Amino acid sequence: MKNIAVIGAGTMGNGIAHTFAQSGFKVNLIDISDASLKRGMDTIARNLDRMVAKEKISEAEKTKTLGNISTFTSTEEGVKNADLVVEAATENLDLKLKIFKQLDDICGGDTILATNTSSISITQIGAVTSRPEKVIGMHFMNPVPIMKLVEIIRGYSTSDAVTTTIMELSKTLGKVPTEVNDYPGFVANRILMPMINESIETLYNGVAGVEEIDTVMKLGMAHPMGPLQLADFIGLDVCLSILNVMYDGFKNPKYAPCPLLVNMVMAGKLGVKSGEGFYDYAESRKAEVVSKQFSK
């Protein structure tokens with residue numbers, strides 16, 4: 001397996017492309033516009049510069065990594081000769097189904113189709129293709145070049161051979177692959193999102209403020225960042241989408257999104273990406289200033 005195609009040049013997509021390219025794979029990064037691709041490549045270059053500055057890689061390794069990535073606005077051109085396609089588009093079911101139908105039509109019969117979805121059913125995605133045995137989940141963690149975990153999700157029809165191939169491939173990237181089965185939220189988000197949602201409920205019910213909730217979890221539970229800061233980092237729209245997938249999938253009220261989360265997303269307060277969520281990021285991307293809505 002030498003040629004990798006990555007669909008989506010956003011936060012996850014450019015991180016996945018970076019990781020494969022740094023490990024010596026030839027990567028085709030695909031997005032709908034040249035502007036999106038430029039932003040993605042600029043991010044990869046900045047992240048590589050940080051690694052050079054920290055002496056984790058050499059200038060030559062940075063140059064080689066960037067040289068391993070080609071960009072395409074045409075999916076058909078970008079996936080030509082790909083051994084593996086990793087879809088990292090927006091967490092939207094209809095969009096993902098559309099992409100996988102297209103990939104099934106244009107990719108070679110031996111090509112493995114993977115999705116970076118954090119919650120959507122691999123079985124449902126595989127069912128719109130003629131190769132469900134070759135459809136699998138590769139849920140990378142953000143930031144991809146740094147985080148070690150890859151959740152490997154096998155759908156109902158995913159073959160043992162494909163699962164083994166992707167597990168071994170993930171190890172060559174320096175990652176720790178962990179195999180899980182296909183249920184809403186998988187493992188990571190099935191545990192994480194209810195915690196984030198309960199933290200928002202705790203704020204919504206007036207039990208404590210933003211900083212207080214995050215401080216308790218950081219100092220009391222040894223979490224590297226508080227759940228409200230983490231929600232801002234992930235994106236409140238993404239958190240809401242995942243909770244809705246879990247709520248629809250399990251029909252269990254414990255997964256119902258907090259009304260405060262719903263209202264914040266409708267108001268466009270999405271966290272770091274929009275400049276404001278539970279914290280205000282106007283001056284810094286660090287969670288240093290609580291949003292006025294929640295400040296005392």
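Bear in mind that the values here come from a model prediction, so they are computed numbers and not experimental data.
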**L93: hydrophobic cluster co-members (side-chain, 4.5 Å)** = I7, I30, F72, V79, V85, L95, L97, I99, F100, L103, I106, L113, I120, I122, I125, V128, V135, I153, V180, F186, V187, I191, V245

**Message:** Quick check on the hydrophobic clustering: are M225 and I146 connected, directly or via other members, by side-chain heavy-atom contacts under 4.5 Å?
**Reply:** no

**Asked** In terms of side-chain geometry, is the basic nitrogen of K171 or E168 positioned less than 4.0 Å from the acidic oxygen of its partner?
**Response** yes

**Fill in**
Shortest non-hydrogen pair, P257 vs N244, comes out as CG-OD1, 3.4 Å

**Prompt:** Is Y279 reachable from Y204 through a run of hydrophobic residues whose side-chain heavy atoms are each under 4.5 Å from the next?
**Reply:** yes

**Request:** Could you tell me whether the side chain of S70 reaches within less than 4.5 Å of the side chain of L29, counting heavy atoms only?
**Result:** no

**Request:** May I ask you to check whether over 12 heavy atoms, not counting those of E212, lie within 6.0 Å of atom CD?
**Result:** yes

**Side-chain (R131) to main-chain (I112) donor-acceptor, under 3.5 angstrom** = no

**Asked** For the side chain of S284 and the backbone of Y281, is there at least one donor-acceptor N/O pair under 3.5 Å apart?
**Response** no

**Prompt:** Would V6 end up clustered with L48 when hydrophobic side chains under 4.5 Å apart are linked, directly or stepwise?
**Reply:** yes

**Message:** Take a 6.0 Å sphere around CG of D34 and say whether it holds more than 12 heavy atoms from other residues, nucleotides or ligands.
**Reply:** no

**Message:** To the nearest 0.5 Å, what is the distance between OG1 on T163 and CD on E179?
**Reply:** 5.5 Å

**Prompt:** Can any side-chain N or O of S170 pair as donor or acceptor with the backbone N or O of K175 at less than 3.5 Å?
**Reply:** no

**Prompt:** Between S291 and G277, is there a donor-acceptor pair closer than 3.5 Å when you use the side chain of the first and the backbone of the second?
**Reply:** yes

**Asked** Heavy-atom count around F250 CZ within 6.0 Å, excluding the residue itself: above 12?
**Response** yes

**Message:** Looking at every heavy atom in both D104 and S130, which two are closest together, and how far apart are they?
**Reply:** OD2-N, 2.7 Å

**Request:** Kindly determine whether L240 and I242 satisfy side-chain contact (heavy atoms from CB on, under 4.5 Å), including the steps that lead there.
**Result:** CA-CA 5 Å; L240 178 60; I242 295 169; over 6 Å; no

**Item:** Intermediate values then yes/no, side chain to side chain donor-acceptor pair (under 3.5 Å), E87 and T115
**Value:** CA-CA 5 Å; E87 172 272 320; T115 174; 2.5 Å; yes

**Message:** Please give me the minimum heavy-atom distance between S33 and T73, naming the atom from each residue.
**Reply:** C-CG2, 3.8 Å

**Asked** Is a salt bridge present between E91 and K96, judged by a nitrogen-to-oxygen distance below 4.0 Å?
**Response** yes

**Message:** Strictly distance-based, threshold 3.5 Å: is any side-chain N or O of K251 a donor or acceptor partner for the main-chain N or O of D248?
**Reply:** yes

**Prompt:** From L84 CG over to T165 OG1, what is the distance, rounded to the nearest 0.5 angstrom?
**Reply:** 10.0 Å

**Prompt:** Between D182 and S121, does a side chain to side chain donor-acceptor pair (under 3.5 Å) hold up when you go through it step by step?
**Reply:** CA-CA 6 Å; D182 187 19; S121 169; 3.2 Å; yes

**Asked** Are any of the side-chain heavy atoms of T75 and Q102 separated by less than 4.5 Å?
**Response** yes

**Item:** Atom of H139, atom of A188 and distance for their closest heavy-atom approach
**Value:** CE1-CB, 4.4 Å

**Prompt:** Is a side-chain donor or acceptor of S241 paired with a backbone partner of V238 at a separation under 3.5 angstrom?
**Reply:** no

**Message:** Counting only heavy atoms from other residues, nucleotides and ligands, does the tally under 6.0 Å from OH of Y183 exceed 12?
**Reply:** no

**Request:** Begin from the C-alpha positions of M1 and I4 and carry the test side-chain contact (heavy atoms from CB on, under 4.5 Å) through to its verdict.
**Result:** CA-CA 8 Å; M1 189 167 288; I4 312 297; 4.1 Å; yes

**Asked** Is there a side-chain contact between T19 and L173, using heavy atoms and a 4.5 Å cut-off?
**Response** yes

**Request:** For residues P227 and I213, report the shortest heavy-atom separation together with the two atoms involved.
**Result:** CG-CG2, 4.3 Å

**Request:** Examine distances only and state if a side-chain atom of N14 and a backbone atom of A9 form a donor-acceptor pair shorter than 3.5 Å.
**Result:** yes

**Asked** Going through the checks in order, is the salt bridge (charged side-chain N to carboxylate O under 4.0 Å, His left out) test met by K64 and E61?
**Response** CA-CA 5 Å; K64 187 175 181 180; E61 287 173 308; over 6 Å; no

**Message:** So, taking the atom named CG in L37 and the one named OG1 in T71, what distance separates them when rounded to the nearest 0.5 Å?
**Reply:** 5.0 Å

**Message:** Applying side chain to side chain donor-acceptor pair (under 3.5 Å) to Y247 and N197, what does each step give before you reach the verdict?
**Reply:** CA-CA 12 Å; Y247 183 56; N197 198 43; over 6 Å; no

**Prompt:** Hey, does K62 have a side-chain heavy atom less than 4.5 Å from the side chain of M51?
**Reply:** no

**Request:** Indicate yes or no: at least one non-hydrogen side-chain atom of N142 is less than 4.5 angstrom from one of F233.
**Result:** yes

**Item:** Validation row: L230, H223 side chains within 4.5 angstrom (heavy atoms)
**Value:** no

**Asked** Is a donor on one side and an acceptor on the other found under 3.5 Å between the side chain of S36 and the backbone of I32?
**Response** no

**Complete:** ring-ring contact (aromatic ring centres under 6.0 Å, His included) filter on F20, not counting sequence neighbours, yields F25

**Asked** What is the distance from atom CG of L261 to atom OG of S199, rounded to the nearest 0.5 Å?
**Response** 11.5 Å

**Heavy-atom donor-acceptor pair, K269 side chain to F278 backbone, under 3.5 Å** = no

**Prompt:** So do the side chains of N116 and I16 get within less than 4.5 Å of each other, counting heavy atoms only?
**Reply:** yes

**Message:** For the CG atom on D105, are there more than 12 heavy atoms of other groups (residues, nucleotides or ligands in this structure) within a distance under 6.0 Å?
**Reply:** yes

**Message:** Taking D280 first and then K292, would you say they form a salt bridge - that is, a charged N and a carboxylate O separated by under 4.0 Å?
**Reply:** no

**Item:** N3 side-chain N/O to D83 backbone N/O, donor-acceptor pair under 3.5 Å
**Value:** no

**Shortest non-hydrogen contact between T111 and A82, atoms and distance** = OG1-O, 2.9 Å

**Request:** Would you mind checking if D42 and K38 are paired as a salt bridge, meaning a charged N to carboxylate O distance below 4.0 Å?
**Result:** yes

**Item:** Ionic contact status for D160 with R154, cut-off 4.0 Å
**Value:** yes

**Request:** With the side chain counted from C-beta on, respond yes when R285 and D232 share a heavy-atom pair under 4.5 Å apart, and no when they do not.
**Result:** no

**Prompt:** For the atom pair CG (L270) and CD1 (I234), what is the distance rounded to the nearest 0.5 Å?
**Reply:** 13.0 Å

**Request:** Any chance you could lay out the side-chain contact (heavy atoms from CB on, under 4.5 Å) test for L66 and M41, step after step, and finish with the verdict?
**Result:** CA-CA 8 Å; L66 289 172; M41 290 302 297; 4.1 Å; yes

**Request:** Could you grab the distance from atom CE of M217 to atom CG of L228, nearest 0.5 Å is fine?
**Result:** 10.0 Å

**Request:** Consider only side-chain heavy atoms of I, L, V, M, F, W and Y, link residues closer than 4.5 Å, and tell whether L260 and L236 are in one cluster.
**Result:** yes

**Message:** Determine whether M147 and F140 satisfy the following criterion, side-chain contact (heavy atoms from CB on, under 4.5 Å), listing intermediate values before the conclusion.
**Reply:** CA-CA 8 Å; M147 299 292 279; F140 290 85; over 6 Å; no

